[in-house]
Amino acid sequence: MARPNAEVEALLREYADLVAITGGDAFRARAYEKAARAIGGYPADISALDAEELRQIPNVGRSIADKVAEYLRTGTMAVVEERRARIPAGVRELIAIPTLGPKKALRLYEDLHISSVDQLAAAVEADALADLKGFGEKTQDNIRHGIELLRQAGARVPLPRALDTAEEIVGELSAVPGCERCAYAGSLRRMRETVGDLDVLVAAGRSAPFMEALCGLPATAEVIARGTKKTSVRTGEGLQVDLRVVPPRSWGAALQYFTGSKGHNIRTRTLAVHRGLKLSEYGVFDTGSGESVASRTEEEVYARLGLPWIPPVLREDRGEIEAALGEGLPELVTERDIRGDLHTHTDLTDGLAPLEVMVEAAAGRGYAYYAVTDHAPDLSMQRMTKEKVLAQRERLRELDGTRHGMRLLHGTELNIGPDGEVDWPREFLAGFDLCVASLHSHFDLGRAAMTRRLVRACENPCVHLIGHPTTRLIGRRPGVDADWDEVFAACARTGTALEVNAQPDRLDLCDEDILRARAQGVKFAVNSDAHCVPHLAHLRFGVGTAQRGWLTGEDVVNTWPLARLRRFLRKDGRG
DNA sequence: GCTTTGAAAAGCCTGATCACGAATGATCA
C-alpha cells in the first residue's frame with residue numbers, strides 16, 4: 001500500500017484531534033477526520049496528485065487539498081505545526097485513553113498542566129484530580145483502568161506497522177553488497193497479532209556494512225547497541241530493531257533460533273539433547289565430536305531432529321512438536337485458498353467506496369465470489385432502510401457475474417441486540433444470501449446474559465456467521481465476557497460459522513479462541529470486513545491468525561466452492 | 001470544512017450510556 005496516503009491520513013487525523021482539543025466547530029474536526037479516512041482508503045498513491053486532482057477524492061475540498069499539496073511539496077503542513085506549538089504531543093496522547101476525550105484532555109492540560117500519560121498516572125495516584133470540575137471518583141477509576149489497558153499494549157506494535165518497517169529494512173539490507181540472505185524472524189514471522197521488537201537476520205561474510213547500513217537508515221532514530229554480531233536500534237516510531245549477521249552456513253539454524261517462540265525452542269533443543277545433539281543459533285552439533293551436522297537451511301535443521309519443517313505460525317509449543325512426530329501437521333489454509341470475502345462494506349453505510357468500485361477490486365483479487373454486507377438499521381448512525389438495501393440488491397444482481405465471472409452474494413451485517421434478536425423481520429432476512437450478525441453495543445451485560453445473547457443469535461436460522469465475535473479492539477478494549485465454550489458448542493450445533501475478522505486491530509477470533517472453537521467442530525470464515533479498497537488486502541492478517549489457530553481449508557467455509565458454501569448457508573448442517 | 005442545493009446557506013454520523021451533580025455534557029458504537 002502506498003505510504004504517502006498513510007502519512008497524510010495520520011497527519012489529518014492529528015489535525016482533527018488538535019482542532020477537537022482546542023475547541024471550536026465540531027464539524028470542522030469531523031471534516032478533517034472524514035478527509036483523513038478518504039485519503040487513507042484511497043486506492044491510488046496520492047503523492048503524484050496536484051491540488052486539483054486531490055479535490056476529486058470525496059470529502060477533500062479546496063482547503064484540505066491545498067494543505068495536502070503543501071505537505072506533499074514541502075514535507076510539512078503549516079497549520080499542523082501551529083497547533084502542535086500550542087498543544088504538546090502528550091496532550092493528544094491522553095485522548096488515546098478510553099473514556100478520556102478532547103474536552104477532558106484540554107481541562108487536564110490547562111488546569112493541571114498535564115501533558116503526558118505518565119504525568120496523568122502520577123496525578124491520579126496523588127489524588128490531584130479530585131478538585132477538578134467534572135472529575136469524580138468514577139472518572140478517576142476509568143482513567144486508571146484506561147492507562148493500564150494502554151500500557152499493556154503500548155509496548156507492542158500492531159502487526160501491519162511492524163511488517164511495513166520490517167519489509168523496508170529487509171529491502172534496504174538486501175541491497176547491501178555481500179548480502180547472501182536477509183529476512184525478518186521473531187514474532188513477526190510467526191504472525192503474532194502484536195510485535196514487541198523486530199528481529200532481522202542477514203547471512204553474509206562480513207557484518208560491518210550491514211551494521212553501518214542499519215544505523216544509517218532514515219527510519220533509525222537512535223542506536224541502542226552496536227557490535228559485530230548484533231546491533232540494536234530504535235525507529236522514530238519507537239520500535240526496537242535487532243539485527244544479527246551470521247555466516248551463510250549458519251543461516252537455517254539462525255533463522256530457526258530467532259524465529260522462536262521460546263517454548264518451541266526449548267522443545268527443539270530438548271529433542272536435540274535426547275539425540276546426542278546440541279542445537280544453537282549456529283547449527284546442530286554432535287555432542288561427542290562437536291562437529292556441525294546441520295545448519296544451512298531450516299529444513300535440514302528440523303530433519304536432523306527427526307521433524308518435518310514446521311511453519312513459523314505453528315511454533316508456539318501448542319502441540320506442533322507432538323503433531324509433527326505423530327499424526328502429522330495440519331495442511332494450513334493459505335491466502336490463495338480463499339475463494340471469496342464474506343464481510344465487506346460500501347459507501348451505502350460506513351464504507352468509503354461505491355459498490356461498483358469494491359466489486360471491481362474484489363474481482364481483481366481473483367475471487368470466485370464476494371459478499372456485500374452493509375450495516376442494518378439498528379445501528380442507527382448508519383441510517384439504513386429497507387428501500388436502500390433493496391436498491392443495492394437490484395444493482396448487485398445486475399453486476400453479478402459481469403466481472404471475471406465473479407458471483408455476488410447480497411448480505412448484511414446485523415446487530416445482535418441485548419436479547420439476542422437481530423434487525424428486520426425473518427421474512428425480510430430470508431431475502432439475503434448471507435447474514436453476518438455482530439455485537440455493536442451493550443458490551444457489559446455480564447457473562448450469563450452475554451452467553452444467552454450469543455447462543456440465541458446462533459439459533460436464529462437467518463444468521464449464518466457471527467462477525468468479530470468478541471468485539472475486542474487490540475490495545476483499546478478487551479473482548480466481551482461470555483462462556484465461549486458454550487457459544488462454540490452452539491455454533492457447532494446450529495451450523496453457524498465464526499468469523500476470523502482480518503482487520504489488524506481486531507483479529508477476532510484470536511488464535512487461542514480459534515483453537516478452542518475448532519476442537520468443538522466449529523466452521524470459520526476469514527473475512528476482511530473491508531470499508532475501502534485497500535482494506536481488502538488485510539485478509540492476509542486474518543489468514544495468518546487462522547493459521548495460528550491451526551485451520552485448514554476444510555475448516556474455512558470461504559475456501560469452499562460456491563455450491564458447497566450455499567449448502568452451508570442453508571444451515572441444514574450438511575455443509 | 002465539505003457537500004448539496006440552488007447560488008448563499010443549511011446540514012452534516014444519530015442516539016444511548018455514563019458520570020457528574022441536579023440538568024447536562026462527554027464519550028462511544
Side-chain angles (χ1 to χ4, degrees), chain A residues 8 11-13 15-39 42 51 54-70 77 79-80 83 94-108 129-146 149 345 347-352 374-385 388 413-418 423 437-445 467-468 470-473 476-480 501 503 505-506 508 529 531:
Chain A
V8 171
L11 199 63
L12 291 176
R13 273 188 201 282
Y15 189 60
D17 284 347
L18 293 175
V19 168
I21 291 169
T22 47
D25 184 8
F27 287 113
R28 229 173 105 240
R30 195 170 286 166
Y32 280 99
E33 259 168 45
K34 277 161 77 175
R37 238 161 62 84
I39 288 173
Y42 193 67
L54 286 166
R55 285 195 67 183
Q56 303 309 308
I57 301 172
N59 297 311
V60 176
R62 164 64 55 203
S63 168
I64 293 180
D66 285 347
K67 291 184 176 88
V68 172
E70 176 202 352
M77 209 180 275
V79 288
V80 178
R83 300 261 173 168
L94 297 181
I95 67 179
I97 300 168
T99 71
L100 221 171
K103 299 287 182 281
K104 286 200 170 91
L106 184 65
R107 165 135 287 170
L108 288 167
L129 270 50
D131 298 334
L132 211 55
K133 209 191 328 166
F135 287 78
E137 190 65 33
K138 189 68 188 162
T139 299
Q140 294 192 53
D141 279 351
N142 285 341
I143 290 174
R144 206 176 287 121
H145 181 67
L149 259 179
H345 297 272
D347 61 0
L348 186 61
T349 54
D350 59 350
L352 289 170
D374 273 313
H375 288 288
D378 288 358
L379 200 61
S380 51
M381 68 195 244
Q382 303 299 345
R383 302 177 153 185
M384 179 56 96
T385 63
K388 282 189 188 173
E413 183 181 9
L414 301 167
N415 307 288
I416 306 174
D423 323 49
S438 315
L439 303 175
H440 291 118
S441 61
H442 302 90
F443 298 138
D444 29 60
L445 288 181
H468 47 75
T470 76
T471 73
R472 72 161 177 172
L473 292 173
R476 285 186 286 155
R477 188 175 73 201
V480 298
N501 188 295
Q503 285 194 26
D505 60 345
R506 289 193 187 272
D508 182 11
D529 194 1
H531 285 67

| task | Could you work out the separation of dT27(B) and dG21(B) based on their P atoms and round it to a whole Å? | result | 14 Å
| Using atom C1' of each nucleotide, how far apart are dA8(B) and dG1(B) to the nearest Å? | 16 Å
| query | Are His442(A) and dT17(B) close enough that a side-chain N or O sits under 4.0 Å from OP1 or OP2? | reply | yes
| request: Would you please say whether a donor-acceptor pair under 3.5 Å links the side chains of Thr99(A) and Asn142(A)? | output: no
| field | Nucleotide nearest Phe27(A) when distance is taken to its side chain, options dC2(B), dC13(B), dC12(B) | value | dC12(B)
| query | Distance between the C1' atoms of dA23(B) and dC18(B), in whole angstroms? | reply | 14 Å
| said: Whole angstroms only, please: what is the NE2-P distance between His468(A) and dA29(B)? | reply: 11 Å
| task | Can you tell me the distance, in whole Å, between the CG atom of Leu149(A) and the P atom of dC28(B)? | result | 12 Å
| task | Write down the distance separating the C1' atoms in dA16(B) and dT5(B), rounded off to the nearest Å. | result | 32 Å
| remark: Winner on side-chain proximity to Lys138(A), out of dT17(B), dT14(B), dC20(B), is dC20(B)
| Out of dG1(B), dA29(B), dA26(B), which nucleotide sits closest to the side chain of Lys104(A)? | dA26(B)
| request: Take Gln140(A) and Ile97(A), find for each the nucleotide of DNA chain B with the closest heavy atom, and name the residue whose nucleotide sits nearer the 5' end. | output: Gln140(A)
| message | Using a heavy-atom cut-off of 4.0 Å across all strands, would you classify Gln382(A) as base, sugar-phosphate, or nothing? | response | nothing
| Do the numbers put Arg477(A) on top of the ring of Phe443(A), so that NZ or CZ is under 6.0 Å from the six-membered ring centre and no more than 45° off the axis? | yes
| remark: Of the candidates dC12(B), dG1(B), dA19(B), the side chain of Thr139(A) sits closest to dA19(B)
| When you compare dT3(B) with dC13(B), how far apart are their C1' atoms, in angstrom units rounded to a whole number? | 15 Å
| message | From NZ of Lys67(A) over to C1' of dC2(B), roughly how many Å is that when rounded to an integer? | response | 12 Å
| query | Between Asp508(A) (side chain) and Thr470(A) (backbone), is there a donor-acceptor pair under 3.5 Å? | reply | yes
| request: Evaluate the side-chain proximity of Val68(A) to Val60(A): yes if any heavy-atom separation is below 4.5 Å, no if none is. | output: no
| message | Counting C-beta onward and ignoring hydrogens, is there a side-chain heavy-atom pair between Asp423(A) and Leu379(A) closer than 4.5 Å? | response | no
| field | Minimum-distance nucleotide (side-chain atoms of Arg383(A) versus dC12(B), dG1(B), dA29(B)) | value | dC12(B)
| request: Write down the distance between CG (Leu379(A)) and P (dC28(B)), rounded to a whole number of angstrom. | output: 16 Å
| field | dT17(B) versus dG11(B) - spacing of their C1' atoms, nearest Å | value | 26 Å
| field | Donor-acceptor contact below 3.5 Å, side chain Arg472(A) vs main chain Arg506(A) | value | yes
| query | Is dC13(B) syn or is it anti, if syn means the base angle is within 90 degrees of 0? | reply | syn
| query | Rounded to the Å, how far apart are Phe443(A) CZ and dA16(B) P? | reply | 16 Å
| task | Provide, to the nearest angstrom, the distance between the NZ atom belonging to Lys133(A) and the P atom belonging to dG21(B). | result | 9 Å
| message | What's the gap between dC28(B) and dA22(B) when it is taken at their P atoms, as a whole Å value? | response | 24 Å
| Spacing between Asn142(A) atom CG and dC20(B) atom C1', to the nearest angstrom | 12 Å
| task | Write down the distance between CG (Leu100(A)) and C1' (dA19(B)), rounded to a whole number of angstrom. | result | 13 Å
| query | Within less than 4.0 Å of OP1 or OP2 of dA29(B), is there a side-chain N or O belonging to Arg477(A)? | reply | yes
| task | For dA9(B) and dG15(B), measure between their C1' atoms and round to the nearest Å. | result | 27 Å
| query | Quick one: CD on Glu413(A) to CG on Asp350(A), what's the gap to the nearest 0.5 Å? | reply | 8.0 Å
| From dT27(B), dC13(B), dA19(B), pick the nucleotide closest to the side chain of Pro102(A)? | dT27(B)
